[in-house]
J.: 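Pasting a structure below so you can have a look.
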Number of protein chains: 2
Amino acid sequence: MTNIRKVAELAGVSVATVSRTLRTPDVVSPGTRDKVLAAVEQADYRPNLTAVQFRSQRTRNLVVLVPIIANTFFARVIGGIQEAAQRRGYGILLCNTLGDERTERAYAGLVSTRQADGLIQLRAYDPFTTSSGQARPPMVNACEVLDAAPCPTVKLDNRAAARAVTEHLLALGHRRIGMIKGPRNSPLTRDRLLGFQDALAAAGLMPDESLWCPGDFTPPSGHRAAGELLSRADPPTAIFCESDEMAMGAMRRIKEAGLRVPEDISVAGFDDIAFASFCDPPLTTIAQPAEDFGREAVALLLDIIDERGDAAYEHRIMPFELVIRESTGPAA
Amino acid sequence: MTNIRKVAELAGVSVATVSRTLRTPDVVSPGTRDKVLAAVEQADYRPNLTAVQFRSQRTRNLVVLVPIIANTFFARVIGGIQEAAQRRGYGILLCNTLGDERTERAYAGLVSTRQADGLIQLRAYDPFTTSSGQARPPMVNACEVLDAAPCPTVKLDNRAAARAVTEHLLALGHRRIGMIKGPRNSPLTRDRLLGFQDALAAAGLMPDESLWCPGDFTPPSGHRAAGELLSRADPPTAIFCESDEMAMGAMRRIKEAGLRVPEDISVAGFDDIAFASFCDPPLTTIAQPAEDFGREAVALLLDIIDERGDAAYEHRIMPFELVIRESTGPAA
DNA sequence: CCTTTAGATGTAACCGGTTACATTTAAAGG
DNA sequence: CCTTTAAATGTAACCGGTTACATCTAAAGG
């Protein structure tokens, strides 16, 4: 491997001059600069990044913990993270945690062990064991956010979004509205449920908990949950699903039962994934700026890493948009 | 930051003993071992990974170049890569290249600059400029594979898979079969087209190139392509799409034209993404073992890195399965 | 022509581990 | 009790850059 000493020898200068030519060219005289660059070219020299990282104590890597990369929404968020990180000269170390806390802590260790400069967590869990005295490694929590996050956060106003969907369904005349929720202990689920109840309360309706089914954001779970709702004596006339993936599962189940969407049952989703406008019927849903979640998270994280952030952690609320398509219609 | 010297001091031993206690505990006497481990605990010491990587010239990181992470199929492949890498103690540096060769070469540079030990490329492009004399960095090419790849490869027998789909459509009585292809210059597209033609030829049919439309694997491109096919004077009775995402776009377009799937037009996809069994109607498609592509790629790559591979590069062909659902039916 | 001073370059310490080699310690054998 | 030998531990070089500080060069000013 060609190293800086070989290049220095080739150019007839010291290693310091080679290093300066590459890092701070303006302090090197033009003549020397040309000699060095020619030698770099000739030797096909590239600085050993591990040495640079080691010496400078900066890796320019960010760890990203994602619950399930196969989830279309998270994949988009990661796309945004990757794009923003790359533009700022950072790489991303990806970890598909599948919600396993041991894995999350192991990867978080990459920050503690200085193999990455910071961490983005897309789930409501703090992977850093708070050993007293130790400084907290730079971290940002995005998408599903801890209630008392010890770091900046980026999230949607899930409560308002769920309220908007529900109000849309109420406006269509629906009174028995089923809900296919996310996992029980998720803040996301809780907030969306609150928004759902807000809308019902504003319309003077009592919430009926027997119409709430838990899911896990995947199509099969939506399929199963819809089955449960349909098997009731008095099934709902509309179903609000906390993810488009579950909504697609639910619509399939509804059709299997010989019912039509939206004529017999309206279905609304959440996320506005790429397939939402192509499924049958196209899905009414909440559009989230997935890529922006990622970009924003990177921006906040780099603020901390570069110590541009002063004291208080920022908590960003991203905008949502109710996208009305054809899966919701007037109550029968 | 606590370093190995502090721990050594705390334990009353030399830095070498601390290092040995952590790397090769069996060469350290039990008594010393306990002392050192206690000191490690007390100081909350974790070795600086950048120093370890620098010294050992091994990073235990792999670069993964993925064309579009938002593509459901690739997301699954990455899931497999991540899982296999993690199990073997490797991290992954992810790059969403969007097909940009400059980006790909930049990330490939992470291997040349020793920030990663190897690279997995999911697209048919060799990011390493072959500077003569230089040893090729370890690389594996998976999914979409170069014809004369200078490395191990993992792929599907796309030709046979496409032939299987086409034979299924022919068996249903279809004679005018449209095809929504992938990008023009992709080996994937070419091989699937060959398989398509194989089946037609075996059935004694002449291929009709006017029924082939290019797409880019996304739902909107399938939607557009289907529109073109439907606008012909004599539209096809079946459409074979090179991806499920395009198939979903195509089905939407067909319904928008007031036609039914499969009664009026059959549609087949490729990939068997999670939504394939939940769209309407459930999609006939080719199931690919996406996660296995990733696992296999990691295994082959680590073989090279650990120099277990002898001379010849292995070229793995992964199995496919024709999954017949409800989007294909007898020709009208 | 000498002194001052800014700019260019060189020297070498340093980052935090790993490990070859040297040295010390302890156990075994005579 | 002394010698031999293996096991345990210590010393210090090394990985490849960066950069503080020292030194040298040359232009400017007196």
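Each chain gets a letter, A, B and so on, in the order the sequences are listed, and its residues count up from 1. Values reported hereafter were calculated over all heavy atoms of this structure, with side chains retained and with hydrogens, waters and symmetry mates removed.
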J.: In terms of side-chain heavy atoms of R23(A), which of dA12(D), dT18(D), dT11(C) is nearest?
T.: dT18(D)

J.: Determine, for R123(A) against E101(A), whether the closest basic-nitrogen to carboxylate-oxygen distance falls under 4.0 angstrom.
T.: yes

J.: Return the 5'-most residue of the pair N3(A), R20(A) with respect to DNA chain D, ranking by each residue's nearest nucleotide.
T.: N3(A)

J.: Quick one: is T17(A) getting a side-chain N or O under 4.0 Å of the dG10(C) phosphate, OP1 or OP2?
T.: yes

J.: Distance check needed: dA8(D) C1' versus D34(B) CG, whole Å only.
T.: 15 Å

J.: Mind checking if V18(A) touches a base, just sugar-phosphate, or nothing, with heavy atoms under 4.0 Å?
T.: nothing

J.: What's the closest nucleotide to the side chain of T32(A) if the choices are dT19(C), dA8(C), dG16(C)?
T.: dA8(C)

J.: Below 4.0 angstrom from OP1 or OP2 of dT9(C), is there any side-chain N or O of S29(A)?
T.: yes

J.: Counting heavy atoms from C-beta on, name the nucleotide in dG16(C), dC15(D), dG17(D) closest to the side chain of N48(B).
T.: dG16(C)

J.: Check whether the side chain of R55(B) and the base of dG16(C) form a donor-acceptor pair under 3.5 Å.
T.: no

J.: Expressed in angstrom and rounded to an integer, what is the separation of Q57(A) atom CD from dG17(D) atom P?
T.: 17 Å

J.: How many whole angstroms separate atom CD of Q115(A) from atom P of dG16(C)?
T.: 16 Å

J.: Between S14(B) and dT9(D), is there a contact of a side-chain N or O with OP1 or OP2 at under 4.0 Å?
T.: no

J.: State, without any angle test, whether Q53(A) and Q115(B) hold a side-chain donor-acceptor pair at a distance under 3.5 Å.
T.: yes

J.: Whole angstrom is fine here: how far is it from CD1 in I4(B) over to P in dT11(D)?
T.: 14 Å

J.: Measure CZ/F54(B) against P/dC14(D) and give the value in whole Å, please.
T.: 13 Å

J.: What's the closest nucleotide to the R5(A) side chain, out of dG16(D), dT9(D), dT18(C)?
T.: dG16(D)

J.: Please determine whether a side-chain nitrogen or oxygen atom of Q53(B) lies at a distance below 4.0 Å from atom OP1 or OP2 of dT18(C).
T.: no

J.: State, without any angle test, whether D117(A) and T59(A) hold a side-chain donor-acceptor pair at a distance under 3.5 Å.
T.: yes

J.: Assess the side chains of Y125(A) and R105(A): does a donor N or O sit below 3.5 Å from an acceptor N or O?
T.: yes

J.: Just how far, in rounded Å, is P of dG17(D) from CZ of R46(A)?
T.: 13 Å

J.: Please report, rounded to the nearest Å, how far the P atom of dT19(C) is from the CG atom of L22(B).
T.: 13 Å

J.: Provide, to the nearest angstrom, the distance between the NZ atom belonging to K6(B) and the P atom belonging to dC15(C).
T.: 11 Å

J.: Please report the closest heavy-atom contact between L93(A) and A116(A), naming both atoms and the distance.
T.: CD1-CB, 4.3 Å

